[in-house]
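Report on the structure given below.
Hydrogens, waters and symmetry mates are skipped; everything else that's a heavy atom, side chains included, is used.
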Amino acid sequence: MNADAIIIGAGACGLMCAVQAGYLGKKVIVLEKNEKPGAKILISGGGRCNYTNQFATAEQFISANPHFIKSAFTQWTVDDTISFFETYGIEGKEKTLGQLFPDDKNAKDVVQVFTSICEDFGQEIRCNADVKDIEILPDASFKVSYEKNGKTVVLTAEKLVIATGGLPISKMGATDFALRFARKHDLKIVETAPALVPLTITGKDEEWFAQLSGNAVFCEVSNDEISFEENILFTHWGLSGPAILQISSFWRRGKTINLNLLPHQNVFDLLNEERKTNGKTLLSTLLNRIYTKKFTDALGKFLPLNKPVAALTKVEIDLIEQTIHHFKVKPAGDKGYDKAEVMRGGIDTNEISSKTLECKKIPNLFFGGECLDVTGWLGGYNFQWAWASGFVIAQNI
């Protein structure tokens, strides 16, 4: 045997697993297809790395089995993540809604923590290693063949960890490796789709959205299931921004989303107050106090902007209320895996032990991170799952 375990994938889960195995005196070899470890860590949060969320619980995750991650989150908590990084000189600073970023450091420093510890423990990270074949041996150990620089290398280990992530982002080396392996061995897959992804608008409304490209509005974005309050960003192809990325994980093609363009005030009350103090104020003037001129002008497609507020009819006031608080959008689609932050769906969690993350049908095989049917909200939640699943697997390999 070349090691106690072979870990395929040097992303957040694989790196944490290698480090935690090192603490326990276990020898692992990590195989990474990319030139460097931690490719997605390096680009996360615009290179700043939102590495956890202070409020992370099972509630902020989408899975066919919402209880699945509770065991992992008990074994490795948010406080454990914060302490771990603090030990290695990364102090967390809250940006918004519990999102923690390194205070005076960035994503490179986060990856450096893992590579340094792996070096100290003698854990090998082999980059440019493209895994071609996995053979399950009669004694339930594994033979892994990979290609590097045109040569085939064969390794054996008693345990195998697949932490190859999901389908976003192919230019970062993302592949369907874990899903293909799972299908080959008759493990169930929950249907996959891009998540935390911008939404596209086509057809008759396309031009209206495109003209607002670059405008951001603080909104409550909702559907029948859930609502999020954060900025939305208009783009030349549709909608993006934090609130849109959040709702995208709960959106399905053909469904409508609702935009409340003024979540903390009531436009009806604003109109009434203005009528009392200065009824001659044009609707456009009132709206310009809330929105950019460009956005107000665009609302002119739906609203009587050049009318004094005192002259507005009941029908017009109802229309204003509907437009501002119940602006309906029916996206045509999404921007796909290359613009998605994570994948929704994945290997069915019923195939995996929630306590150890070992595959029930294949002894000594473990799955962690994004390849499983566990999808977090935007804001550091997916990293918390990656760290927790890496830790849990390390205890059991």
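Looking only at distances, a side-chain donor or acceptor of Asn223 sits under 3.5 Å from a matching main-chain atom of Ile226. A donor-acceptor contact shorter than 3.5 Å links the side chain of Thr281 to the backbone of Asn278. Judged purely by atom type and a 3.5 angstrom limit, Gln123 has no side-chain atom pairing as donor or acceptor with the backbone of Glu119. When atom types are taken as modelled, the side chain of Tyr337 and the backbone of Ala193 share a donor-acceptor pair closer than 3.5 angstrom. When atom types are taken as modelled, the side chain of Lys355 and the backbone of Val392 share no donor-acceptor pair closer than 3.5 angstrom. Between the Lys33 side chain and the Ala10 main chain, no donor and acceptor come within less than 3.5 Å of each other. In this structure, the side chain of Asn306 does not engage the main chain of Ser284 through any donor-acceptor pair within 3.5 Å. Side chain of Asn50 to main chain of Gly380: a donor-acceptor pair is present (N/O by atom type, distance under 3.5 Å, no hydrogens or angles). Distance alone, capped at 3.5 Å, is enough to place a donor-acceptor pair between the Ser248 side chain and the Leu196 backbone. Side chain of Thr52 to main chain of Thr81: no donor-acceptor pair is present (N/O by atom type, distance under 3.5 Å, no hydrogens or angles).
Taking a 6.0 Å sphere around NZ of Lys204, one finds it holds 12 or fewer heavy atoms contributed by other residues, nucleotides or ligands. Other residues, nucleotides and ligands place no more than 12 heavy atoms under 6.0 Å from the CG atom of Asp224. Counting heavy-atom neighbours within 6.0 Å of Lys36 NZ, excluding the residue itself, gives a total of 12 or less. Under a cut-off of 6.0 angstrom, the local environment of NZ in Lys294 is crowded, with over 12 non-hydrogen atoms contributed by other residues, nucleotides or ligands.
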**Report entry** CA sep, side-chain torsions, deciding dist, call: Glu206, Thr202, side chain to side chain donor-acceptor pair (under 3.5 Å)
**Finding:** CA-CA 5 Å; Glu206 188 175 355; Thr202 58; 5.6 Å; no
Query - ring pair (Phe, Tyr, Trp, His ring centres under 6.0 Å) evaluation trace for Phe228 with Trp251 - result: CA-CA 13 Å; Phe228 295 98; Trp251 175 79; over 10 Å; no
Query raised in the report: Going through the checks in order, is the salt bridge (charged side-chain N to carboxylate O under 4.0 Å, His left out) test met by Glu370 and Lys40?
Result: CA-CA 12 Å; Glu370 199 184 335; Lys40 268 182 89 173; 3.1 Å; yes
Query raised in the report: Could you walk me through whether Phe295 and Phe234 pass the ring pair (Phe, Tyr, Trp, His ring centres under 6.0 Å) check?
Result: CA-CA 10 Å; Phe295 189 68; Phe234 289 85; 5.6 Å; yes
Query raised in the report: Taking it one step at a time, do Phe61 and Phe73 satisfy ring pair (Phe, Tyr, Trp, His ring centres under 6.0 Å)?
Result: CA-CA 12 Å; Phe61 288 81; Phe73 274 17; 5.4 Å; yes
Requested in this report: Under the ring pair (Phe, Tyr, Trp, His ring centres under 6.0 Å) rule, what do His236 and Phe209 come out as? Steps first, then yes or no, please.
Outcome: CA-CA 7 Å; His236 58 277; Phe209 282 85; over 10 Å; no
**Report entry** Steps toward side chain to side chain donor-acceptor pair (under 3.5 Å) verdict (Glu158, Ser141)
**Finding:** CA-CA 4 Å; Glu158 195 185 321; Ser141 65; over 6 Å; no
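Ionic pairing of Glu124 and Lys27 is present here: one or more N-O contacts between side-chain nitrogen and carboxylate oxygen are shorter than 4.0 angstrom. No salt bridge links Arg126 with Glu32; every basic N to acidic carboxylate O contact stays at or beyond 4.0 Å. Between Asp130 and Lys132 there is a salt bridge, since a side-chain N of the basic residue sits under 4.0 Å from a carboxylate O of the acidic one.
The aromatic rings of His185 and Phe181 sit tilted, their planes meeting at an angle between 30° and 60°. Ring pair Tyr23/Phe121 is perpendicular by interplanar angle, where above 60° counts as perpendicular and below 30° as parallel. Note on ring orientation: taking the six-membered ring where Trp is involved, the planes of Phe114 and Trp387 are parallel (angle under 30°, cut-offs 30° and 60°).
For the residue pair Ser353 / Thr356, a side-chain donor-acceptor distance below 3.5 Å is found, with atom types taken as modelled. Looking at Ser249 and Gln246, their side chains never bring a donor and an acceptor atom within 3.5 Å of each other. Side-chain contact annotation: Asn288 with Thr285, donor-acceptor N/O pair under 3.5 Å absent.
Within the 4.5 Å cutoff, side-chain heavy atoms of Leu286 are placed close to those of Arg289. A 4.5 Å side-chain heavy-atom check between Ile347 and Asp373 finds every atom pair outside the cut-off. Side chains of Gln54 and Gln99 form no contact here, defined as non-hydrogen atoms less than 4.5 Å apart. Side-chain contact check for His326 versus Asn260: every heavy-atom pair is 4.5 Å or farther apart. Counting heavy atoms from C-beta on, the side chains of Ile90 and Asp109 come closer than 4.5 Å. In this structure, the side chains of Val161 and Ile8 stay at 4.5 Å or more apart for every pair of heavy atoms. Two residues are said to be in side-chain contact when any heavy atoms from C-beta on lie closer than 4.5 Å; Leu137 and Glu135 meet this criterion. You'll find the side chain of Leu305 stays beyond 4.5 Å of the side chain of Leu282, heavy atoms only.
Here the options are Trp385, Trp76, Phe366, Phe84, the test is ring pair (Phe, Tyr, Trp, His ring centres under 6.0 Å), and the partner is Phe391; only Trp76 passes. When each of Asn364, Leu365, Ile352, Asn396 is checked for a side chain to side chain contact (heavy atoms under 4.5 Å, CB included) with Glu358, only Asn364 meets the rule.
Separation of the Phe327 and Phe302 ring centroids falls under the 6.0 Å cut-off. When ring centroids are compared, Phe101 and Tyr51 stay outside the 6.0 Å threshold.
Hydrophobic clustering (side-chain heavy atoms under 4.5 Å, transitive across Ile, Leu, Val, Met, Phe, Trp, Tyr) keeps Leu245 apart from Val221.
Rounded to the nearest 0.5 angstrom, Glu230 CD and Ile232 CD1 are separated by 12.0 Å. To the nearest 0.5 Å, atoms CG (Leu357) and OG1 (Thr349) are separated by 10.5 Å. Taken from CG in Leu319 to CG in Leu312, the straight-line distance is 10.0 Å, to the nearest 0.5 Å. The NE2 atom of His325 sits 10.5 Å away from atom CZ of Phe268, with the distance rounded to the nearest 0.5 Å. Ile290 contributes atom CD1, which lies 5.0 Å from atom CG of Leu270 (distance to the nearest 0.5 angstrom). For the atom pair CH2 of Trp377 and CD of Glu341, the computed distance is 15.5 Å after rounding to the nearest 0.5 Å.
Here the closest non-hydrogen pair linking Gly92 and Leu100 is C-CD2, 4.2 Å. Of all the heavy atoms in Leu97 and Tyr381, the pair that sits closest is O-OH, 4.4 Å. The two residues Ala394 and Ala21 make their nearest non-hydrogen contact at CB-N, 3.6 Å. Minimum heavy-atom separation, Met343 to Thr375: O-OG1, 3.0 Å. Residue Cys127 comes nearest to Glu35 through the heavy atom pair CB-O, 3.3 Å, listed as atom of the first residue, atom of the second, then distance.
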